[in-house]
Amino acid sequence: MMALARRRQGFELGLATREAYGKTLVALGHEDPRIVVLDADLSKSTMTRLFAEAFPERFFNVGIAEQNLAGTAAGLALGGKIPFMSTFAVFAPGRCFDQLRMSVAYSGTNVKVASSHAGLSVGEDGASHQAIEDIALMRALPGFVILVPADEVATEWAVREAANHVGPVYLRLGRAKAPKIYEPGTPFAIGRAVVLEDGQDVAILASGLMVSAALEAAEMCHQSGLSARVLDMHSVEPMDVEAVVKAAAETGALVTAEEHLLSGGVGSAVAQIVAERCPVPVEFVGIRNRYGESGKPQELLEKFGLTAAGICRAAERAVRRKAEGRGC
Amino acid sequence: MEAPVTNSVRELDRIALKVRRNIVQMTGTAGSGHPGGSLSVVEILVSLYFAVMRYRHDAPCWPDRDRLILSKGHAAPALYAVLAEAGLLPADWLPTLRRLGSPLQGHPDCHRTPGVEISTGALGQGLSVANGLALALRLDGRPSKVYCVIGDGESDEGQVWEAAMLAAHYGLDNVVAILDYNKQQIDGWNREVMGLEPLADKWRAFGWRVVECDGHSFAALLDAFDRVGKEVGKPSVIVAHTTKGKGVSFMENSLEFHGKAPSPAQTQQALQELDAQLPAMEQSAQEGQ
């Protein structure tokens, strides 16, 4: 059981994960001269500008040219550097998928893709800038580790781990301030989910911003007599198969929650495991086959049902389906 | 042994002939592959591996080696044949081209084939990679050059021009691009499909040093490499005018052999034609002495 920094009445907001990324990059830059950073004219938003200010000779702005961003990063990796490339998640992987496929994933170059502004919480910029399919795309690139840190502590670990890991890594980061979930020093690992709450009736497998919502949902479920397990699926690839199977086997009902399309996201990954190893009812909270739109981040999350209440209702449905004993 | 090993045009011509034979033989045996664009790039690659690039045969990862990126990855048969001729991979691998389990994949594969820096085949990507490599080398103060062979059809890809802008912006004088300008792509001549001209002007406008030359003349190519080698402050491109399918009469300027292998009969005919070129080559080399 992890020591948590959360309060039952709500979460204190910490740094946005993109901010934690920017800060950790600078620290890494001091520790390892091989770290280099690339951006595509968005360094004020992705927060790579902090690294650019500290290490101007190791920062490369390629301008608004994301295919070139990925290829140049691959070349720097070939030259023995540890490149972090950043832009918005709609543009990497969105704009440079083939480049990430051939020059990075297939070639195995040591590139870290730290994409920011993922999900609906981008807000007013609207659909063109809200990446709701980036995890699906990255899951289709064998060779990429995919991490979705939920808060500033998880992000610091993820950035450091990405630098240590030999091989391509995708970090999904967000624009909005993130609720603080973890104490500094919490041990994370690639391929290991974090069990934040134990529970017997239903398990909620969440990622990113939905982790705090899942914890709030668990509290709500508890009020109505349901004991909910909560897992942070921060390691999307490789996913902690045994933790998923254990959750399915021991609770018999699952809910997944993500700020992402249902097609190909974390829910899909969980469903693949469950269908193969331990078929139980699964309810999905995420975006159903449509694009985002302009609005305040909180309004958008509510409109799309990406809330504690939405997760709690899904948990109740999953438990009902379990009781009825029918898969369909 | 450290390359470069020769600048004798006579020797280079002989090597090129052997490479052409192997390209025809390899693709014929495989029953698939890209003979046209492989045959057009022969003198370019032979120049690089025998007369221009610095590398060590016994230390393929020598950090001060010059690097080659074959961005037009479908010319893999040419690269493999040249690597074999240079002693960088076993010649008995050549007949296994494209076979299941072969170390010689249909397009260059950096995991399976020694001498391949990065996997290519999806066009337009190599120059970006070359730039990244060049930036890393400069950060480390290394003197190596990065050579990147691109195609004309490939130059339709916007990423090529993104990379061109970056190389000029960062003053990457350790990058030398070589355009295998055989004027044809898959669906037709460049001018029919997507006109590139005025191409040399485009590169100059993007801030590159441009040298044009006959891409099948070693004298012209070596001179071009020598000139761009002295360039300071800007990247260079050698626009090498070539003929698709060069060396085999029924393949020259033929769209048919972009991505189609010669039949067994055609393979034999091609080999005979190439072998017949040897005496004339020896003769002109003798006269040149």
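Proteins get letters first, then strands, A, B, ... in listed order; numbering begins at 1 in each. Keep in mind it's a predicted model, so treat the numbers as computed, not measured.
- Contact between Tyr170(B) and Phe59(A) at its shortest, heavy atoms only, is OH-O, 4.4 Å.
- Using a 4.5 Å heavy-atom cutoff, the side chains of Lys81(A) and Asp140(B) are in contact.
- The most heavy-atom pairs under 4.5 Å with chain A, out of Ser128(B), Pro63(B), Ala122(B), come from Ser128(B).
- Neither the backbone nor the side chain of Ala130(B) comes within contact range of chain A, judged by heavy atoms closer than 4.5 Å.
- Within the model, atoms CZ of Arg67(B) and CG of Leu78(A) stand 8.5 Å from one another, a figure rounded to the nearest 0.5 Å.
- Listed options Asn131(B), Val160(B), Leu135(B) were ranked by heavy-atom pairs under 4.5 angstrom with chain A; first place goes to Leu135(B).
- Chain B forms the most heavy-atom pairs under 4.5 Å with one residue out of Glu57(A), Arg58(A), Arg101(A), Gln67(A), and that residue is Gln67(A).
- Atoms CD and OG1, on Glu162(B) and Thr72(A) in that order, are 8.5 Å from each other to the nearest 0.5 Å.
- Rounded to the nearest 0.5 angstrom, Gln159(B) CD and Gln99(A) CD are separated by 4.5 Å.
- The nearest pair of heavy atoms linking Phe60(A) to Leu139(B) is CZ-CD1, 4.1 Å.
- Between the side chain of His111(B) and the backbone N or O of Tyr106(A), at least one donor-acceptor pair lies under 3.5 Å.
- Listed here is the closest heavy atom pair of Ala74(A) and Ile118(B): CB-CD1, 4.2 Å.
- Between the side chain of Ser119(B) and the main chain of Ser107(A), no donor-acceptor pair closer than 3.5 Å is present.
- Neither the backbone nor the side chain of Leu137(B) has a heavy atom closer than 4.5 Å to any heavy atom of chain A.
- With a 4.5 Å cut-off on non-hydrogen atoms, Thr120(B) touches chain A through its backbone but not through its side chain.
- Proximity to chain A is absent for every atom of Arg138(B), based on heavy atoms less than 4.5 angstrom apart.
- Taking each heavy atom of Val129(B) and Ser103(A) in turn, the nearest pair found is CG2-OG, 3.9 Å.
- Within a 6.0 Å radius of NZ in Lys23(A), no more than 12 heavy atoms belonging to other residues, nucleotides or ligands are found.
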